[in-house]
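Convention: sequence-line order gives letters A, B, ...; per-chain numbering from 1.
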Amino acid sequence: MNDEQLHAMRHSLAHITAAAVKRLWPEAKFGVGPVVENGFYYDIDLGGQKISEADFGKIEKAMRRIVTEAQDFERFTMPIDEAIAWAKESGQPYKEELLNDLKRSGTTVAKDLESEELGTIAEGDAAVSEVSFYKNGDFTDLCRGPHVANTKEVGAFKLMRVAGAYWRGNEKNAQMQRLYGVAFATQEELDKHLEMIEQAKQRDHRKLGKELDLYTGSSLIGAGLPLFTPRGTILRDMINDLAQSYRIKNGYEKVWIPHIAKLDTYKTSGHFEKFPELLRFTSTESGDELALKPVNCPHHTQIFAGRPRSYRELPVKYLETTTVFRDEKSGELGGLNRVRAITQDDSHVFCSEDQIEDVFAELIESAQAMYELLGLKLSLRLSFRDDADNYLGDPKVWENAQNAIHALAEKFGLEYEIGIGEAAIYGPKMDFMATDALGRKTQLATVQLDYALPERFQLEYTAEDGSKKRPIMIHCALLGSIERFLSIYIEHTAGWFPLWAAPEQIRILTINDTVTDYVKEIEEVLRGVVLMEPVKYNELRFTVDDRNESLGKKIREATAWKIPMQLIVGTKDKEAREVSVRTQTGEEKVALNKLAEYLQQL
RNA sequence: GCCGCCUUAGCUCAGUUGGUUAGAGCAGCUGUUUUGUAAACAGCAGGUCUUCGGUUCGAGUCCGAAAGGCGGCUCCA
C-alpha cells in the first residue's frame with residue numbers, strides 16, 4: 001500500500017467513525033475529520049453529552065458493522081448554495097460555516113482566512129461554484145476526498161482516545177470532542193505501532209524519573225515545579241557542566257544574577273507588554289514592584305552596561321545557568337517537558353556587526369559537537385517572524401537579521417527548514433531540533449540574533465574612532481531548558497546514562513564478607529580516579545553493595561538502577577587480584593593494578 | 001485556562017450492584033542463611049482509601065468542589 005492509498009484509507013476511516021457516531025447519537029454535529037500521523041480524528045459535538053473511552057467498544061463495533069456492510073463511497077457535487085442549504089437542513093452548523101468560508105474564499109483553512117470573516121455568512125459572488133461530497137451508506141459528508149472505493153477496504157484500526165479540541169483551533173470557540181484513531185494497512189502493522197507506543201511508555205521520563213529516583217513533584221510546592229533528588233541533581237550538574245564546557249573553551253565567562261528584578265526592567269525590555277500574565281509579582285514594603293525573572297537577558301545587559309566598554313573588549317561573552325519563572329497555564333504542564341521554573345544554560349554575547357559570524361560559528365560547532373557526543377541527531381530550523389505586530393524593533397532591522405542568519409546557515413552548509421512565526425519577540429533564531437530515539441523532534445539548542453534589546457537598554461561601546469556604537473546581542477542556550485533537555489535525554493537513553501554522566505557510575509557487588517578487606521583496596525583505587533572527559537574533574541561516584549543478599553539479587557537491583565558498571569568481587573577475584581567488570585555489553589576480568597587505567601580509557 | 005479521564009501502604013496494583021476488622025507483591029524492620037552472575041527463607045510492621053463538603057441507617061465505592069497527575073486543545077520569550 002502506498003502513501004496515497006494509506007491516506008485515503010485513514011480518511012475513509014474518519015468518515016466511518018463519524019457515520020458510526022451518527023448511528024449511536026443521531027443528533028451529533030460534525031466538525032472536521034482529517035488524517036494525522038498514523039491515523040485520523042474526527043471532531044464531534046454531542047451537545048451536553050460526552051463520549052468517554054468506555055464508549056469506544058460500541059463505536060468500534062458500529063464501525064466494524066459499516067465495514068462489513070461494504071458500502072461504496074460515492075462522490076457527487078452540489079452547487080455551493082445548495083450545499084449550504086443542505087448543511088442547514090441536516091442540522092450541521094459547523095459544515096455550514098465551512099461551506100460559507102469556501103463560498104467566500106475558496107478555502108476552509110482558518111489561518112488563510114481573514115479572522116473577522118471566519119464563520120460569517122458569505123454574501124455576493126462565490127469563490128467556489130460547487131463543492132464535492134462523499135456518501136457511504138446513509139452518511140453524507142462535505143469532503144474533497146479521495147476515499148477508498150468501498151468501506152470494506154480500510155485495513156486495521158483502533159480508537160485511541162477522546163480529547164477536547166476547540167472548533168477551528170480557537171480557544172474562544174466552542175469545544176468539541178476529538179475522537180482519535182490509528183489505522184494501518186494490516187493488523188501486523190497496527191500491532192507493531194501499538195507495541196512501539198508500549199515501548200515508548202517504558203522509557204517515559206516520568207516513569208524513569210521515579211524509578212531511577214531523579215526527581216519528584218509535590219502537590220504542596222505546586223504543579224510544574226519539579227524537585228531534583230541527589231541522583232537527579234548529579235545528572236543535571238554533569239549535563240550542565242558539559243554544555244558550559246564548550247563555551248568556556250571559547251572564552252565565555254560565568255556571571256551571576258538575582259532571580260528577581262523591578263518590573264520596570266521588563267517594561268523596558270518589552271516582555272511585560274507581550275506577556276503580562278506570565279510575570280509574577282511580589283509587592284514589597286519599599287513599594288518596589290518586583291517580578292520573578294521570566295528571562296535572563298535584561299540582567300545580563302546590565303552587567304555589560306555596568307561600566308564603559310571599549311571595542312577592544314568585544315565580544316563580551318557571559319555564561320550562566322539559571323532559572324527563569326513563567327506562570328504557564330495549568331493544563332500545559334507535564335513532566336519535565338513543560339515546567340514553571342525553567343533552568344536555562346543561557347549565554348549572551350555583546351559584539352560588533354563584524355563579529356556575528358565568528359560567534360555564531362563557535363556556537364553552531366559547539367551545538368553540533370555536544371549533540372553528537374550525546375547521540376542526539378540535530379536538525380536546524382531558522383525561526384523567522386510572521387506579520388504579527390508584536391515583535392520588537394524596526395522591520396528593516398529584522399529583515400537584515402533574518403538575512404544574516406539565512407546566510408550563515410548557507411555558509412556553514414547546514415540543512416535547514418524555515419519556521420515562519422517561530423521567532424523570539426526581539427529577533428530571529430537558529431533553533432536546533434533534536435530527534436530522540438523514538439523519532440520525535442523537540443527544540444533544544446537555540447542561537448538568537450538580537451538588535452532590539454541593545455537598543456531598548458541603550459547599550460553602547462566606544463569604537464576605534466571614538467564614536468559611541470551599539471553592540472549586537474547573541475543569545476544562546478545549548479541545552480535550552482535543562483528540565484526539557486533531561487526529559488528528552490532520559491527517554492533517549494532509556495535511563496542508561498553514559499559512565500561520565502550516571503549518578504551512580506559503579507557499584508561494587510560482593511559475594512560474601514570474606515572479601516571485605518579486598519573491597520577496601522578496590523575503593524582506594526576508585527577514589528583515585530578522576531575522569532577528565534568529556535567533563536573535567538569528574539570524580540568517580542561509586543557505592544558498595546555488601547548486604548547479606550545473593551549475588552543474583554544484587555545484580556538484578558544494580559541493573560534495575562541502570563548503573564553502567566558493576567564490579568563483582570568474590571574470593572576468586574580476591575585471590576587473582578582482579579575484579580569482574582560487568583557492563584551492559586558483557587563481563588571481563590580486570591587486574592586491580594590496571595583498573596584505574598582501564599577506567600580512564602573508557 | 002478549556003474538554004475528558006485518573007488519585008487505595010514508600011512503589012506497582014486488587015477491592016463485586018454502597019454493607020462486618022480495606023487485600024497482595026516488592027521495598028522496610030527482625031531473625032535464620034555467607035551466597036559466583038537478574039528475586040534465599042520465615043516472621044513483623046505499614047493505610048483518616050488525595051483533601052474538603054454533601055447524599056445515606058451505612059461511602060474506598062454515589063454527588064459537588066479543590067489539589068495533584070494523565071491525554072488532547074490553546075499557549076510556549
Quiz item: Which one, B/rA38, B/rG36, B/rC76, comes nearest to the side chain of A/R326?
Solution: B/rC76

Quiz item: Which comes earlier along RNA chain B counting from the 5' end, the contact point of A/G331 or that of A/S580, where each point is its nearest nucleotide?
Solution: A/G331

Quiz item: What residues form a ring pair (Phe, Tyr, Trp, His ring centres under 6.0 Å) with A/H271, not counting sequence neighbours?
Solution: none

Quiz item: Are A/F275 and B/rA77 stacked, counting the six-membered base ring, centres under 5.5 Å, planes under 30°?
Solution: yes

Practice problem: Could you work out the separation of B/rC62 and B/rC57 based on their C1' atoms and round it to a whole Å? | Solution: 16 Å

Exercise. Report which part of the nucleic acid A/S52 touches: base, sugar-phosphate, or nothing (heavy-atom distance under 4.0 Å, all strands).
Key: nothing

Quiz prompt | Check: A/Q49/A/E27 side-chain N/O donor and acceptor closer than 3.5 Å | solution = yes

Self-check item: side chain to side chain donor-acceptor pair (under 3.5 Å) partners of A/E60, counting only residues at least two apart
Solution: none

Quiz prompt | Distance between P atoms of B/rU48 and B/rG10 (Å, rounded) | solution = 8 Å

Practice problem: Can you sort out which residues in residues 470-486 of chain A have a heavy atom within less than 4.0 Å of RNA chain B? Ascending by number, please. | Solution: A/R484

Exercise. Enumerate the residues from residues 27-46 of chain A whose closest heavy atom to RNA chain B is under 4.0 Å, giving them by residue number; use none for an empty result.
Key: none

Quiz item: Do the ring planes of A/F350 and A/F304 sit parallel (below 30°), tilted (30 to 60°) or perpendicular (above 60°)?
Solution: parallel

Self-check item: Per-nucleotide pairing state of RNA chain B [Watson-Crick or G-U, under 3.5 Å; [ ] pseudoknot-crossing; | other strand]
Solution: (((((((..((((.....[...)))).(((((.......))))).....(((((..]....))))))))))))....

Exercise. Just jot down the side chain to side chain donor-acceptor pair (under 3.5 Å) partners of A/N296, sequence neighbours excluded, or say none.
Key: A/K293, A/Q344, A/D346

Self-check item: Selected nucleotide, minimal atom distance to A/K329 side chain, candidates B/rG72, B/rU74, B/rA38
Solution: B/rU74

Quiz item: Between B/rU12 and A/K210, is there an OP1 or OP2 to side-chain N/O distance shorter than 4.0 Å?
Solution: yes

Quiz item: For atom C1', what is the distance between B/rA24 and B/rU8, given to the nearest Å?
Solution: 13 Å

Practice problem: For B/rU7 and B/rA14, measure between their C1' atoms and round to the nearest Å. | Solution: 16 Å

Quiz item: Do any of residues 380-390 of chain A sit with a heavy atom less than 4.0 Å from RNA chain B, and if so which?
Solution: none

Exercise. Nearest 0.5 Å please: distance from the CD atom of A/E332 over to the CZ atom of A/R338.
Key: 5.0 Å

Exercise. List in chain and number order the residues that pass ring pair (Phe, Tyr, Trp, His ring centres under 6.0 Å) with A/F40, two or more places apart in sequence or in another chain; answer none if no residue qualifies.
Key: none

Quiz item: Across the strands shown, which category fits A/K562 at heavy-atom distances under 4.0 angstrom: base, sugar-phosphate, nothing?
Solution: nothing

Quiz prompt | Heavy-atom donor-acceptor pair, A/Y166 side-chain to B/rG1 base, under 3.5 Å | solution = yes

Self-check item: By ring pair (Phe, Tyr, Trp, His ring centres under 6.0 Å) - contacts of A/Y42 (at least two apart)
Solution: A/F30

Self-check item: Gap between atoms NZ and P, on A/K50 and B/rC73 respectively (whole Å)
Solution: 17 Å

Exercise. Give the B/S/- string for nucleotides 39-48 of chain B, one per nucleotide from 5' to 3', where a protein heavy atom under 4.0 Å of the base yields B, of only the sugar-phosphate yields S, and otherwise -.
Key: BB--------

Quiz item: For RNA chain B, whose closest nucleotide is more 5', that of A/V295 or that of A/E171?
Solution: A/E171

Exercise. Would you mind classifying the nucleic acid contact of A/Q177 as base, sugar-phosphate or nothing, using non-hydrogen atoms under 4.0 angstrom?
Key: nothing

Exercise. Taking atom types as modelled, find out whether A/D345 and A/T321 have a side-chain donor-acceptor pair closer than 3.5 angstrom.
Key: no

Quiz item: Would you say the base of B/rG36 and the side-chain of A/N512 have a donor-acceptor pair closer than 3.5 Å?
Solution: no

Quiz prompt | Spacing of the C1' atoms in B/rA59 and B/rC76 (rounded, Å) | solution = 43 Å

Quiz item: When rounded to the nearest Å, what value does the distance between C1' atoms of B/rC70 and B/rA45 take?
Solution: 33 Å

Quiz item: Between A/L208 (CG) and B/rC11 (P), how many Å, whole number?
Solution: 17 Å

Practice problem: Verify the neighbour count for atom CD of A/Q458: are there more than 12 heavy atoms of other residues, nucleotides or ligands below 6.0 Å? | Solution: yes

Practice problem: Would you please say whether a donor-acceptor pair under 3.5 Å links the side chains of A/Q566 and A/T559? | Solution: yes

Quiz item: In Å, rounded to the nearest 0.5 Å, how long is the span from CD of A/E399 to CG of A/D394?
Solution: 10.0 Å

Quiz item: How about A/D387: does its CG atom have over 12 heavy atoms from other parts shown lying under 6.0 Å from it?
Solution: no

Quiz item: A/I568 versus A/I555: any side-chain heavy-atom pair under 4.5 Å?
Solution: yes

Quiz item: So what does A/G217 hit on the nucleic acid, given a heavy-atom distance under 4.0 Å: a base, only sugar-phosphate, or nothing?
Solution: nothing

Quiz item: Mind checking what makes ring pair (Phe, Tyr, Trp, His ring centres under 6.0 Å) contact with A/F457, not counting sequence neighbours?
Solution: none

Exercise. State whether A/E211 and A/K562 are salt-bridged, where the test is any N-O pair (Lys NZ or Arg NE/NH1/NH2 against Asp/Glu carboxylate O) under 4.0 Å.
Key: no

Practice problem: Using the ring of A/Y215 (Phe, Tyr or Trp, six-membered ring only), decide whether A/R231 places NZ or CZ under 6.0 Å from its centre and within 45 degrees of its axis. | Solution: no

Practice problem: Among the candidates B/rC76, B/rU34, B/rG72, find the nucleotide nearest to the side-chain atoms of A/R161. | Solution: B/rG72

Quiz item: What is the distance from atom CD of A/E198 to atom CG of A/L194, rounded to the nearest 0.5 Å?
Solution: 9.0 Å

Quiz prompt | CD-CH2 distance between A/Q584 and A/W496, expressed to the nearest 0.5 angstrom | solution = 4.0 Å

Exercise. If a protein heavy atom is under 4.0 Å from the base, mark B; if only from the sugar-phosphate, S; if neither, -; do that for nucleotides 61-70 of chain B going 5' to 3'.
Key: ------SSSS

Quiz item: Between A/K50 and A/D55, is the closest basic N to carboxylate O distance under 4.0 Å?
Solution: no

Quiz prompt | Parallel, tilted or perpendicular: rings of A/H299 and A/Y266 (30°, 60°) | solution = tilted

Quiz item: Which whole number of Å gives the distance between the P atom of B/rG54 and that of B/rG15?
Solution: 29 Å

Quiz prompt | B/rG23 and B/rG47, which share atom name P, separated by this distance in whole Å | solution = 13 Å

Quiz item: Between B/rC76, B/rG72, B/rG36, which nucleotide gets closest to the side-chain atoms of A/R338?
Solution: B/rC76

Quiz item: Under the 3.5 Å rule, do the base of B/rC2 and the side chain of A/Q175 count as making a donor-acceptor pair?
Solution: yes

Quiz item: Over how many whole Å does the gap from A/M160 atom CE to B/rG72 atom C1' extend?
Solution: 13 Å

Quiz item: From the list B/rG28, B/rA77, B/rC75, which nucleotide is the closest neighbour of the side chain of A/R547?
Solution: B/rG28

Exercise. Look at the side chain of A/E332 against the base of B/rU74 and say whether a donor-acceptor pair falls under 3.5 Å; ignore hydrogens and angles.
Key: yes

Quiz prompt | Length of the CD-P vector between A/E557 and B/rC26, whole Å | solution = 12 Å

Exercise. Return the orientation label for the A/H348 and A/H475 ring planes: parallel under 30°, perpendicular over 60°, tilted otherwise.
Key: perpendicular

Exercise. Pick base, sugar-phosphate or nothing for A/A163, based on heavy-atom distances below 4.0 Å to the nucleic acid.
Key: base

